[in-house]
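In what follows, every chain begins at residue 1, and chains take the letters A, B, ... in the order their sequences are listed.
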2 protein chains.
Amino acid sequence: MSPRRSVAEARQTRADILACGMRLASVEGLEGLTIGRLAAELGMSKSGVLGHFGAKEELQLAVIDAAAEVFAREVAEPAGTAVPGLRKLTALCAAWVSYLERRVFPGGCFFTAAAAEFDDRPGRVRDTIAGLVSVWDRDLYRQVRTATADGDLPADTDADQLVFEVSSVMLGLNNALQLRRDTTAPARARRALGRLLGTPVLMVALLAALCQARLRLG
Amino acid sequence: MSPRRSVAEARQTRADILACGMRLASVEGLEGLTIGRLAAELGMSKSGVLGHFGAKEELQLAVIDAAAEVFAREVAEPAGTAVPGLRKLTALCAAWVSYLERRVFPGGCFFTAAAAEFDDRPGRVRDTIAGLVSVWDRDLYRQVRTATADGDLPADTDADQLVFEVSSVMLGLNNALQLRRDTTAPARARRALGRLLGTPVLMVALLAALCQARLRLG
DNA sequence: CCTACCGATCGGTAGG
DNA sequence: CCTACCGATCGGTAGG
């Protein structure tokens, strides 16, 4: 309420702005995330919001960072305990499907939307999104290579090809959920992934259920 | 130059606006397609542009319609001569990959971008996009069913599943081309599609090349 | 973190 | 199809 606040209070305000910003941006886009709308939703003044970031682009980058932390918590972390290789690859895919199915962001996958919006606009926003996506792709790639070395995937597996196909399924799932509101899509995605990874569909579904349960409990 | 123009001139102006609007919207999005920017690019006044449509939403719908005609010309028409069933399905996929590879729209697939932008915003724009996508999906579905009845696809083929996976590959290809500027992606997409349709990769690539040649000639 | 501004641009209208 | 407007909103700044 007062102009002078403690460091802890300011940090909390910043976290509130980012939480609201992620929700807004996932629905309206990173450009549609305007300072005025954010301020109205938070009951703050525009300059109060902007003061935490200095400029809109910095706000956008901070929101992207916050969304990346959410994605890491929802996908990488649940799969973090799995053994590297096919097990971890399968766990990552299951957690990813679950993240999309549960609509962690109201507008669907934050990064798919952000990538589609900024893939034609050079700049720091585009570079940051592309960088994050490539880090996640590289992690998938590593697991595929390990699984191949372990003999859990065919020896002639083209790792880049498999990563491309797995990513495509995730994009297809997000699209079907968001545009067509197709609730059968998660099952289709699991089936497609099960075939790509040579894993029985039931195992993928089971792993997804386990991930959800773990998130609910812990 | 003058306020009074013939009907033919007015129609040409409208076509010019739509052509420019498709380019702009594929890069900046359907919301970033502003009347002022369009007017500046065309050397017209804002009210001169708006007069052809009445309101921004009508302009957006007209641009979507124009883009749908382009898509039909680029994908459905080249595959129009193929025999229904697996042949036509393969031809549709090949033309679709070619349409993405040639970057018919500077911002990548017009409808993937539009769907990602509007999938959370209820209204006529969203409904129109979803309707067009579902028409194209239904065409794919029909070809899969025919191919299955012909014995060109396994008898237990789940048509909805196959359409989901084919669409996913297209989304993956668009994403790889636009965000990662990955020029190897069309080959990966053809390979994935070849496996999904049980068609040798070379045949898909060949059909794509034929489609391109036909477009250049005719 | 606020009030009080700024110039620019938005979609749209009036009138010719 | 133009000029000349309108109120609303944009990102951002000054000053406290």
To the nearest angstrom, the CG-C1' distance between B/L59 and C/dG12 comes to 13 Å

In whole angstroms, the gap separating P of C/dC1 from CD of A/Q12 amounts to 10 Å

* Quick one: do B/R124 and B/D127 make a salt bridge, cutoff under 4.0 Å? -> no

Its dot-bracket string being built from Watson-Crick and G-U pairs below 3.5 Å, with | for another strand and [ ] for crossing, DNA chain D has the pattern ||||||||||||||||

### Donor-acceptor contact below 3.5 Å, side chain B/Q60 vs main chain B/L30
yes

So, with a heavy-atom separation below 4.0 Å from DNA chain D, the residues of residues 41-53 of chain A are A/K46, A/S47, A/L50

From CD1 of B/I35 across to P of C/dG12 the rounded distance in Å is 5 Å

A/L38 CG to D/dC10 P, in whole Å, measures 11 Å

Rounded to whole Å, the CD-C1' distance (B/E31 to C/dT9) equals 14 Å

Report yes if some heavy atom in the side chain of A/L171 is under 4.5 Å from a heavy atom in the side chain of A/C109; otherwise report no.
-> no

| said: Taking A/L33's backbone N and O only, do any of them form a donor-acceptor pair with A/K56's side chain (distance below 3.5 Å, no angle check)? | reply: yes

Can you tell whether the side chains of A/D182 and A/R188 come within less than 4.0 Å, N to carboxylate O? no

With A/F110 as partner, the option from A/V104, A/I64, A/I129 fulfilling side-chain contact (heavy atoms from CB on, under 4.5 Å) is A/I64

So the side chain to side chain donor-acceptor pair (under 3.5 Å) pairs with at least one residue in residues 14-24 of chain B (sequence neighbours excluded) are B/Q12-B/D16

- Task: Determine, for A/F118 and A/R121, whether the Lys NZ or Arg CZ falls below 6.0 Å from the six-membered ring centre while staying within 45 degrees of the axis.
- Result: yes

Whole-Å distance, A/E57 CD to D/dG11 C1', equals 13 Å

Atom CD of A/E58 and atom C1' of D/dG12 are separated, to the nearest Å, by 14 Å

Taking the side chain as C-beta and beyond, is there a heavy-atom pair between A/R190 and A/E101 under 4.5 Å?
-> yes

Per atom distances to the B/T34 side chain, the nearest of C/dG11, D/dG12, C/dC1 is C/dG11

Here the distance between atom C1' of C/dG11 and atom CZ of B/R37, to the nearest Å, is 14 Å

